[in-house]
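These notes are about the structure you will find just below.
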Amino acid sequence: MTTNPRLVLDQLIAAFENHYEVTSSDQVDEQALLDAEEALRDAFFTYDDVLFTQYEVELPFDLIVSDDEEDEEDDDEDDFIDLDEDDESDDDDDDFIDVEDEDDDN
């Protein structure tokens, strides 16, 4: 892997151009598209890494969220239990016992 940021940027641009060429063709070859996507992803992460290593600068965005992470977010929502769901039927607290202090009677 080269550590020259300009060369890595050129590789990223070439990966974008290759991805565009594959996707804009009349007959999209699925394997070629997958290969272009992988090359673009690798070029992006390489550029991001080299940019940070050389200049301690991060790109202002993250591109990839894996399907597993999305599923975990959905699962978290499913785990939420609304305990106040049927509050309307619990308006009067039948279980509440009012205990008066014995000192008040004296």
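We number each residue from 1, following the sequence as shown. Because only heavy atoms are used, hydrogens play no part in the values below, and waters and symmetry mates are left out as well, while side chains stay in.
Residues Leu9 and Leu59 share a single hydrophobic cluster, defined by chaining ILVMFWY side chains whose heavy atoms lie under 4.5 Å apart. Under a hydrophobic-cluster definition in which Ile, Leu, Val, Met, Phe, Trp and Tyr are linked whenever side-chain heavy atoms come within less than 4.5 Å, directly or via other members, Tyr47 and Phe52 are assigned to different clusters. Cluster membership for Phe44 and Tyr20, using ILVMFWY side-chain heavy atoms within less than 4.5 angstrom, is not shared.
Here Leu7 is tied to no hydrophobic group at all, with no ILVMFWY side chain closer than 4.5 Å. Connectivity analysis of hydrophobic side chains (ILVMFWY, heavy atoms under 4.5 Å, direct or indirect) links Val28 to Val22, Leu33.
Asp42 is linked by a salt bridge (Lys or Arg N to Asp or Glu O under 4.0 Å) to nothing, counting only residues two or more places apart in sequence or in another chain. In this structure, the side-chain contact (heavy atoms from CB on, under 4.5 Å) partners of Thr53, at least two apart in sequence or on a different chain, are Asp49.
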Using side chain to side chain contact (heavy atoms under 4.5 Å, CB included), reason through Leu12 and Leu40 one step at a time and then give a plain yes or no.
CA-CA 7 Å; Leu12 176 59; Leu40 181 55; 4.0 Å; yes

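In this structure, CG on Asn18 lies 9.5 Å from OG1 on Thr23, to the nearest 0.5 angstrom. Going from atom CZ of Arg6 over to atom CD of Gln11 covers 11.5 Å, rounded to the nearest 0.5 Å.
Among residue pairs with one or both ends in residues 17-38, none qualify as salt bridge (Lys or Arg N to Asp or Glu O under 4.0 Å); sequence neighbours excluded.
Residues Ala39 and Ala15 come closest through the heavy atom pair O-CB, 4.1 Å. Closest of all the heavy-atom pairs between Pro5 and Gln54 is CG-CG, 3.6 Å. Between Val50 and Asn4, the shortest heavy-atom contact is CG1-C, 4.3 Å.
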